[in-house]
There are 2 protein chains.
Amino acid sequence: MYVHIFVASFGKSTPPIMKIEDEIKQPTFKDEYQKAHINLIYTTGWIQLRQAAAFREFDVTLPQYNILRILRGQHPKPATVNLLIERMLDKTSNASRIVDKLVAKNYATRTVCPSNRRAVDIHITEAGLELLHNMESVVSHQNTGLHNLTPEEAAQLSDLLDKIRD
Amino acid sequence: MYVHIFVASFGKSTPPIMKIEDEIKQPTFKDEYQKAHINLIYTTGWIQLRQAAAFREFDVTLPQYNILRILRGQHPKPATVNLLIERMLDKTSNASRIVDKLVAKNYATRTVCPSNRRAVDIHITEAGLELLHNMESVVSHQNTGLHNLTPEEAAQLSDLLDKIRD
DNA sequence: TACAAATATATGTACATACATTTAATGTTG
DNA sequence: CAACATTAAATGTATGTACATATATTTGTA
């Protein structure tokens, strides 16, 4: 339900490809750089809104989900806040407070690390593992639009993005 | 100063291109789709942090700057909140409260629209115009990484992104 | 004209981002 | 070993996002 509202607000897809200049009402751009820049930000927002909508029925946000996946990757070993930050896409976000939310929902536990009492050991719980399992089918079938590309095009996209950060 | 900390946290660029699998410590991906997906989110975050850092010295955030530019585009005609939402990249964000901040900083004024008292007329102030003018050189010289691409590659990137949203 | 629907904006809430600062524990070194 | 630096995490603050809901005004219509 939310999904449809959102997608509509981003401009509904119609048979011919919706170019960025049609999506936002800006007919021209200074150059291809400005156009690609705006398109990047717009398209990434578009993808993230769809993802967040898919997660809403599970009452988990995208950052919470991402941290749960890292915790599962470590399981049964513990993670620390530092390890989470290292592995997170957005390294400036606040892992500590996202873990708070997961602990409150009983998807993770937090205990003082015995060998280094400054650090905390964070474990995913059975409930957390079960949640990820239940989300699996929804998440894998969620169409983030990437599959509109061929594998070759996806690889090309990655190469272009790597160049940007060079 | 902030810039350097940030850029370093995202992985400092070194002569050979830093691929996404090196940036976040994940050696392999399920497929090219997952890789491109993560790369998109990571790279867009990378770009936006650089932009935000460049704006910080002017004490304006990215959304505030974007709205100021729309206001200048309308000047001397007024904008309404609705018009701002239409033109904004992130259409679900809260234009009303961003305008609050601009009014508080004296970069914009807000008056009840005489012909439709539900709406508000929002104008950029002289101080707002001057701010944009002062930011111009910094913003245009800020390297968002897009210029690491050729114009052809930038156009190719836009095409791939358009396909994703199709 | 009264009353419902639509419109334009504002406000409330939970969550997250982007920092700076604080607290506690551990390492280092003179 | 005491003093200082470093490290790990938590907390504080301002901002913004993503909604749901509220308020005021205008429009449409029975």
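In the text below, chain A, chain B and the rest are named by the order of the sequence lines, each starting its count at 1.
Between A:Arg110 and the phosphate of D:dA10, there is a side-chain N or O to OP1/OP2 separation shorter than 4.0 Å. The shortest distance between the side-chain N/O atoms of A:Gln64 and the OP1/OP2 oxygens of C:dA16 is below 4.0 Å. The phosphate of C:dA16 (OP1 or OP2) has no side-chain N or O of A:Asn94 nearer than 4.0 angstrom. Taking 4.0 angstrom as the limit, A:Lys91 places none of its side-chain polar atoms (N or O) nearer than this to OP1 or OP2 of C:dT17. Put simply, B:Ser93 has a side-chain N or O that comes within less than 4.0 Å of OP1 or OP2 on D:dT17.
Of the N and O atoms on the side chains of B:Arg87 and B:Gln74, at least one donor lies less than 3.5 Å from an acceptor on the other residue.
In terms of position along DNA chain C, the nucleotide closest to A:Thr61 lies nearer the 5' end than the nucleotide closest to the other residue of the pair B:Ala52 and A:Thr61. Annotation: of the two residues near DNA chain C, B:Asn116 and A:Arg97, the 5′-most nearest-nucleotide partner is B:Asn116.
The side chain of B:Asp90 has D:dA18 as its nearest neighbour among C:dT9, D:dA18, C:dT17. Of all nucleotides listed (C:dA18, C:dT9, D:dA9), D:dA9 comes nearest to the side chain of A:Thr80. You'll find that the side chain of A:Ser96 is closest to D:dA9, out of C:dT9, C:dA16, D:dA9.
What separates CD1 of A:Ile85 from P of C:dT17 is a distance of 12 Å, to the nearest Å. If you measure from atom CG of A:Leu62 to atom P of D:dA18, you get 11 Å, rounded to the nearest angstrom. One atom, CG of A:Asn82, and another, P of D:dT6, lie 16 Å apart when rounded to the nearest Å. D:dG16 atom P lies 10 Å from atom CG of B:Asp59, rounded to whole Å. Note: CE (A:Met88) to P (C:dT17) measures 6 Å, nearest angstrom. If you measure from atom CZ of B:Arg56 to atom P of D:dT15, you get 13 Å, rounded to the nearest angstrom. Atoms CG (A:Asp121) and P (D:dA8) sit 13 Å apart, rounded to a whole Å. One atom, CG of B:Leu102, and another, P of D:dA14, lie 18 Å apart when rounded to the nearest Å.
Looking at B:Arg118, its side chain has no donor and acceptor atom pair within 3.5 Å of the base of C:dT9.
A salt bridge between B:Arg165 and B:Asp162 is present, with a side-chain N of the basic residue lying under 4.0 Å from a carboxylate O of the acidic one.
Annotation: side chain to side chain donor-acceptor pair (under 3.5 Å) contacts involving residues 122-140 of chain B, sequence neighbours excluded, comprise B:Arg72-B:Glu136.
The only option from A:Leu40, A:Thr43, A:Asn39 that meets the side chain to side chain contact (heavy atoms under 4.5 Å, CB included) definition with B:Ser158 turns out to be A:Asn39. Under the side chain to side chain contact (heavy atoms under 4.5 Å, CB included) rule, A:Val120 has a single partner from A:Thr109, A:Val81, A:Asn82, which is A:Val81.
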